[in-house]
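Below you'll find the structure, written out as structure tokens, and then a few comments.
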Amino acid sequence: MYTSKATALALLAPFILVQAVPVFKNQGTLDGWDGTNHEHKGTVSQVSDQTYKPSTAIKVVQIYDASYTGRYHSEVRKNDVYKVGDAGYYGFAFRLDPGWDTAHGQTFNLAQFIGDLTDHPDNTCGDTWIPSMLLWVEKDALRIRSKGGDMCDGTLKKFEVGTVKPGTWHRVVLQAKWESDSSGYYKVWFDGKQALEQSGIATTYKDSQKKYGFEFRAGLYANGWHDDKKMEGSQGTRQLWIDEVGIGNTYEDADPGEK
């Protein structure tokens, strides 16, 4: 039976409405990223003495300074991994330093999606770079947030993913549908097991023109030090390792796999 091109496209339409995200794979090197960001005394380096899989990993370090008022990023970044309406899978392996202090409740961010919304027509709050998803460690808990809708008064929700053990390699995979209304969703796998499923949530900000691309950052952002304007406890150096980063259209694209 003959099928016209128009009919074929109509049949395919439900499957092509969601634009595919770029496929990206990084095996613990500084190559292939669009840049690094290490503020103040922070460092981002490629190492071989501690890895999830052979033969390298990315080590990120931040050091507290009571006289410093800026932010504490030590991250690698990949640009334009999603726009509103996209969907994808995003994963990596991470290891906190064995001596990581879990007794105090300040937050330390491991990954985020963030966009430069400086010239966004709805930017009435004067912010520049605004994150949607954040994934962080708080004491020994791994947590994630969704935020979306109005960029200056977004709907924010927080969820617990699992328990992190310093000195142990963990792997995390996020499946996200990036929507500015309640049609967005998250699924999160932690160490190979599904740990979270949330639908009916706004996961990014309004952008009717689909103009604003969000970048993916992984590493360490000691946001608790900056936001609280102090350091709790006495551990003034925080360090962790990132390896086997994946972005794609399937779980397998993003999963770091078994060690």
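No hydrogens, no waters, no symmetry mates; every other heavy atom, side chains included, goes into these values. Everything numeric here is computed off the predicted structure, so don't read it as measured data.
Hydrophobic cluster membership differs between Val172 and Trp136, with clusters built from Ile, Leu, Val, Met, Phe, Trp and Tyr side chains linked at under 4.5 angstrom. Residues Val245 and Trp241 do not share a hydrophobic cluster, defined by chaining ILVMFWY side chains whose heavy atoms lie under 4.5 Å apart. Using a 4.5 Å cut-off between side-chain heavy atoms of Ile, Leu, Val, Met, Phe, Trp and Tyr, with links allowed through other members, Leu196 and Met133 fall into the same hydrophobic cluster. Under the 4.5 Å side-chain heavy-atom criterion for grouping Ile, Leu, Val, Met, Phe, Trp and Tyr, Ile201 is connected to Met151 within one hydrophobic cluster. Leu134 and Val76 fall into different hydrophobic clusters, where Ile, Leu, Val, Met, Phe, Trp and Tyr are joined by side-chain heavy atoms under 4.5 Å apart, directly or via other members.
Nearest heavy-atom pair, Ser180 versus Ala202, reported as atom, atom and distance to 0.1 Å: O-CB, 3.8 Å. Shown here for Val81 and Ile247, the closest heavy-atom pair between the two residues is CG1-CD1, 3.8 Å. For Arg217 against Ile114, the heavy-atom pair with the smallest separation is NE-CG2, 3.4 Å. Taking every heavy atom of both residues into account, Ile242 and Ala218 meet most closely at CG2-CB, 4.5 Å. Taking every heavy atom of both residues into account, Tyr64 and Lys230 meet most closely at OH-CA, 3.4 Å. Across all non-hydrogen atoms, the minimal contact from Ser132 to Tyr82 is OG-OH, 2.9 Å.
Between the side chain of Asp253 and the main chain of Asn249, a donor-acceptor pair closer than 3.5 Å is present. The backbone N or O of Ala222 lies less than 3.5 Å from no partner atom in the side chain of Gln106, so there is not a single donor-acceptor pair. A donor-acceptor distance shorter than 3.5 angstrom exists from the side chain of Trp33 to the backbone of Thr29, with no hydrogens or angles considered. Between the side chain of Lys206 and the main chain of Val84, no donor-acceptor pair closer than 3.5 Å is present. For the pair Glu39 (side chain) and His73 (backbone), a donor-acceptor distance under 3.5 Å is present. Here the side chain of Asp97 pairs no donor or acceptor atom with the backbone of Pro166 at under 3.5 angstrom. No donor-acceptor pair under 3.5 Å is formed between the side chain of Tyr221 and the backbone N or O of Gly224. A distance-only check finds a donor-acceptor pair linking the side chain of Asp86 to the backbone of Lys83 [under 3.5 Å]. Judged by distance alone, the side chain of Ser146 and the main-chain N or O of Thr203 form no donor-acceptor pair under 3.5 Å.
Legend: residues meeting ring-ring contact (aromatic ring centres under 6.0 Å, His included) with His170, ordered by chain and number and at least two apart, are Phe94, Phe190. In this structure Phe159 satisfies the ring-ring contact (aromatic ring centres under 6.0 Å, His included) test with no other residue, sequence neighbours excluded.
Between Trp100 and Val137 there is a side-chain heavy-atom pair separated by less than 4.5 Å. At least one side-chain heavy atom of Tyr186 sits under 4.5 Å from a side-chain heavy atom of Ile144. For the pair Glu215/Trp129, a side-chain contact is recorded, criterion being any heavy-atom separation below 4.5 Å from C-beta on. With a 4.5 Å cut-off on side-chain heavy atoms, Leu240 and Leu110 count as touching. Taking 4.5 Å as the limit, some side-chain heavy atom of Trp189 sits within range of a side-chain heavy atom of Gln175. Contact annotation: the side chain of His38 never approaches that of Thr43 to less than 4.5 Å [non-hydrogen atoms, C-beta and beyond]. Here the side chains of Arg238 and Leu96 are not in contact, with every heavy-atom distance at 4.5 Å or above. For the pair Tyr52/Arg95, no side-chain contact is recorded, criterion being any heavy-atom separation below 4.5 Å from C-beta on.
Here the two rings, on Trp178 and Phe113, have centers that are under 6.0 Å apart.
With respect to Asp243 and Lys259, no salt bridge is recorded, no charged nitrogen being found less than 4.0 Å from a carboxylate O.
Rounded to the nearest 0.5 Å, atoms NZ (Lys139) and OG1 (Thr107) are 13.0 Å apart. Rounded to the nearest 0.5 Å, atoms CG (Asp150) and OG1 (Thr124) are 6.5 Å apart. Between His120 atom NE2 and Asp207 atom CG the span is 5.0 Å, to the nearest 0.5 Å. With rounding to the nearest 0.5 angstrom, the CG atom of Asn123 is 7.0 Å from the OG1 atom of Thr118. The distance from atom CG of Asp65 to atom CH2 of Trp225, rounded to the nearest 0.5 Å, is 10.0 Å. We find the OG1-CD distance between Thr56 and Gln27 to be 8.0 Å, quoted to the nearest 0.5 Å.
If you check the side chains of Thr163 and Asp140, you find no donor sitting under 3.5 Å from an acceptor. In this structure, a donor-acceptor pair under 3.5 Å is absent between the side chains of Asn109 and Tyr72. One side chain, Gln50 or Trp169, offers a donor N or O that lies under 3.5 Å from an acceptor on the other.
The 12-atom threshold is exceeded at NZ of Lys53, counting heavy atoms of other residues, nucleotides or ligands nearer than 6.0 Å.
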